[in-house]
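In what follows, a single structure is set out as structure tokens and then discussed.
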Protein chains: 2
Amino acid sequence: MSNHPGISDATKQRVWELAKQLNYQPNHLAAALRKGRSNTLGVVVPHIDGHFFALVVKGIETIANRAGFNVMICQSNEDAAQEKKNIETLLNAQVDGILVSVSLYTQDFQHIEEVRRRGIPLVFFDRIMESADVSAVVLDDYQGGYSAVQHLIEQGCRRIAHLGGPQHLNICKNRFQGYAAALREHDLPVEMCRVHFSDLSILDGSRGMEQLLLQDPSLDAVFSCNDLASVGAMQVLKRQGRRVPHDVALVGFSNELFASLTEPMLSSVDQRGEEMGRTAVHLLLEMVAQGPDNVAPRQVLLQPELLVRESSQLIPSEQTL
Amino acid sequence: MSNHPGISDATKQRVWELAKQLNYQPNHLAAALRKGRSNTLGVVVPHIDGHFFALVVKGIETIANRAGFNVMICQSNEDAAQEKKNIETLLNAQVDGILVSVSLYTQDFQHIEEVRRRGIPLVFFDRIMESADVSAVVLDDYQGGYSAVQHLIEQGCRRIAHLGGPQHLNICKNRFQGYAAALREHDLPVEMCRVHFSDLSILDGSRGMEQLLLQDPSLDAVFSCNDLASVGAMQVLKRQGRRVPHDVALVGFSNELFASLTEPMLSSVDQRGEEMGRTAVHLLLEMVAQGPDNVAPRQVLLQPELLVRESSQLIPSEQTL
DNA sequence: GTGAAAGCGCTAACAA
DNA sequence: TTGTTAGCGCTTTCAC
């Protein structure tokens with residue numbers, strides 16, 4: 001028995017000593033079986049390359065370990081079928097709760113329903129299943145898009161294009177809507193010839209940029225739904241001899257590590273990865289402790305941070321002056 | 001009982017149906033307890049941002065899952081104390097085997113000894129504890145350093161500097177030795193004024209570059225132990241008005257994602273991350289299956305691949321012609 | 001304050 | 001081929 005009130009200190013001492021002597025190693029598996037909980041949390045992410053999800057995972061691990069929970073991480077590799085398998089794996093491992101960020105292509109949510117049917121606590125983060133009764137931690141992507149575009153307008157840009165992602169994904173949809181709202185707010189038209197949707201790889205970014213330039217050669221800025229596509233766009237702009245930011249200003253999203261390594265350095269919206277991870281675990285642990293049905297589903301909205309770098313700096317900032 | 005030879009198909013069928021009807025969910029925890037194995041593998045990596053370790057983890061997950069094993073990933077964040085904690089966590093979770101890549105600062109290996117004392121199969125990858133009797137999968141870092149420098153020599157460089165990492169780490173030591181060997185092989189002197197050791201962050205790279213230029217303003221190439229430091233070096237070179245590669249050629253190590261995003265694009269040595277992960281799991285699973293004492297420790301050496309990009313291309317390659 | 005016993009859900013061994 | 005049983009190592013309960 002480890003540390004129970006109502007046991008004399010003398011006996012405790014004796015037990016401790018004997019344990020050390022026999023080199024006793026507690027079997028947590030047996031404890032887990034008996035108590036009906038494994039003290040393990042499962043995480044499903046689209047991938048862990050890229051700065052953002054790595055940060056989220058770091059935040060998750062920190063808090064979970066501190067609370068005495070282990071973490072099992074699975075990557076869906078942006079594949080819906082793999083994501084389903086991951087969920088099964090985690091259920092098999094008898095995890096006490098699951099954190100999910102869905103893949104680009106997840107449209108069917110049966111595997112998610114299965115989790116809830118079994119009564120396993122579940123919290124979404126970043127890329128969520130949009131439904132009233134789930135717990136989730138997300139960035140205010142709408143606000144992120146809005147402030148990025150507002151910033152571009154303040155820099156004097158007027159014909160602002162958008163490289164967008166799959167619109168069934170909450171994050172891409174909201175960023176696009178933030179973009180549109182900012183334009184409207186400043187009495188600028190939202191022209192669909194200035195919007196291009198893709199899966200946002202580097203290649204998608206360059207192709208998208210080429211197409212946008214064909215459709216409107218006069219555009220003076222691009223707000224991209226992620227940094228990868230921004231880089232592709234930047235390459236095309238340079239190739240065509242357009243200066244960034246003077247001819248075309250550029251703002252990305254995610255604040256990847258390489259954003260400060262491009263030339264010019266890429267402005268981007270930071271997604272608060274570590275904080276998102278920490279918050280999501282807190283929500284989940286609460287559900288684990290209280291039982292999933294005793295906690296009302298909650299949505300937490302994190303505020304993004306626009307990081308202005310060279311790719312969108314047209315007017316010297318006050319700080320620089 | 002699930003799928004045992006020596007049971008009539010009819011009974012199997014009946015059992016299956018009843019199981020479905022009662023919505024039976026096997027408890028793998030109980031099975032693990034009974035069988036004395038958890039079907040879980042533990043992994044300790046320094047971090048998972050950065051392309052290399054993300055690839056390794058991906059390789060590990062793929063093979064492990066295919067073999068019916070779960071994977072628990074822990075990050076040491078390059079901290080020896082955290083690494084020790086990670087190992088304890090994994091032992092507590094009753095993992096069947098452990099994969100480790102040690103942190104930059106790990107000098108004391110007691111936690112590793114504890115693992116072996118308990119008879120838990122253990123395989124190192126990339127950054128290893130150098131000792132005859134452990135299993136490990138590593139890159140041929142010596143060869144990587146050698147071919148990078150040979151390539152620079154072939155491009156006409158003669159005063160080649162080195163940005164090196166902590167020499168107690170096998171990878172850094174071997175890359176440096178490969179560098180030195182290539183120079184010697186071509187009758188070029190190994191001058192310590194052209195070598196700078198650090199922890200290889202971007203900042204370390206820039207500071208190191210500044211110092212190297214002070215010590216020998218005539219140097220015409222740099223081989224860096226990683227890509228991060230290369231980028232720092234590149235920034236300094238540009239700031240000082242030296243053209244890359246014409247004045248100073250540059251080769252990094254790791255083939256990070258951003259290597260093809262810098263300007264000029266950074267030549268780098270690829271570390272075969274995914275293959276390393278896959279190989280390491282194979283070794284580990286073998287030990288798990290046979291028992292750790294029934295398998296002789298084995299070291300696997302993977303061959304690196306030099307990727308020549310703009311930062312070191314002085315003579316047009318045949319392909320380009 | 002302490003010891004004994006039951007049982008978490010499964011598998012392996014053995015009896016029928 | 002099938003049914004029964006013991007026990008993995010722990011926690012919880014209850015009697016002492």
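In what follows, every heavy atom counts, from backbone to side chain, and hydrogens, waters and symmetry copies are set aside. Reminder, nothing fancy here: chain letters follow the sequence lines and each chain counts from 1.
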Atom pair distance, as rounded to whole Å: [atom1] in [X] and [atom2] in [N]:
{"X": "A:Leu29", "N": "D:dC8", "atom1": "CG", "atom2": "C1'", "result": "10 Å"}
{"X": "A:Leu22", "N": "D:dG9", "atom1": "CG", "atom2": "P", "result": "14 Å"}
{"X": "A:Asn39", "N": "D:dG9", "atom1": "CG", "atom2": "P", "result": "20 Å"}
{"X": "B:His28", "N": "D:dC8", "atom1": "NE2", "atom2": "P", "result": "22 Å"}
{"X": "B:Arg37", "N": "C:dA12", "atom1": "CZ", "atom2": "C1'", "result": "15 Å"}
{"X": "A:Gln25", "N": "D:dG9", "atom1": "CD", "atom2": "P", "result": "13 Å"}

Would you mind telling me which of [options] lies closest to the side-chain atoms of [X]?
{"X": "A:Pro26", "options": "D:dC10, C:dC10, D:dT11", "value": "D:dC10"}
{"X": "B:Lys35", "options": "D:dC8, C:dC10, C:dA12", "value": "C:dA12"}
{"X": "B:Leu33", "options": "D:dC8, D:dC10, C:dC8", "value": "D:dC8"}

Would you kindly check if the NZ (Lys) or CZ (Arg) of A:Arg175 is within the cone defined by 45 degrees around the ring axis of A:Phe253 and under 6.0 Å from the six-membered ring centre?
yes

Where do B:His111 and B:Glu83 land on the side-chain hydrogen bond (donor to acceptor under 3.5 Å, both in side chains) test, with the steps shown first?
CA-CA 9 Å; B:His111 52 306; B:Glu83 181 177 301; 3.0 Å; yes

Sole residue of B:Glu130, B:His168, B:Gln167 in side chain to side chain donor-acceptor pair (under 3.5 Å) with B:Lys173:
B:Glu130

Whichever of B:Arg14 and B:Arg34 has the more 5' nearest nucleotide on DNA chain D, that residue is B:Arg14

Determine the sole option in A:Ile60, A:Val138, A:Leu302 for which the side chain to side chain contact (heavy atoms under 4.5 Å, CB included) test with A:Met276 is passed.
A:Leu302

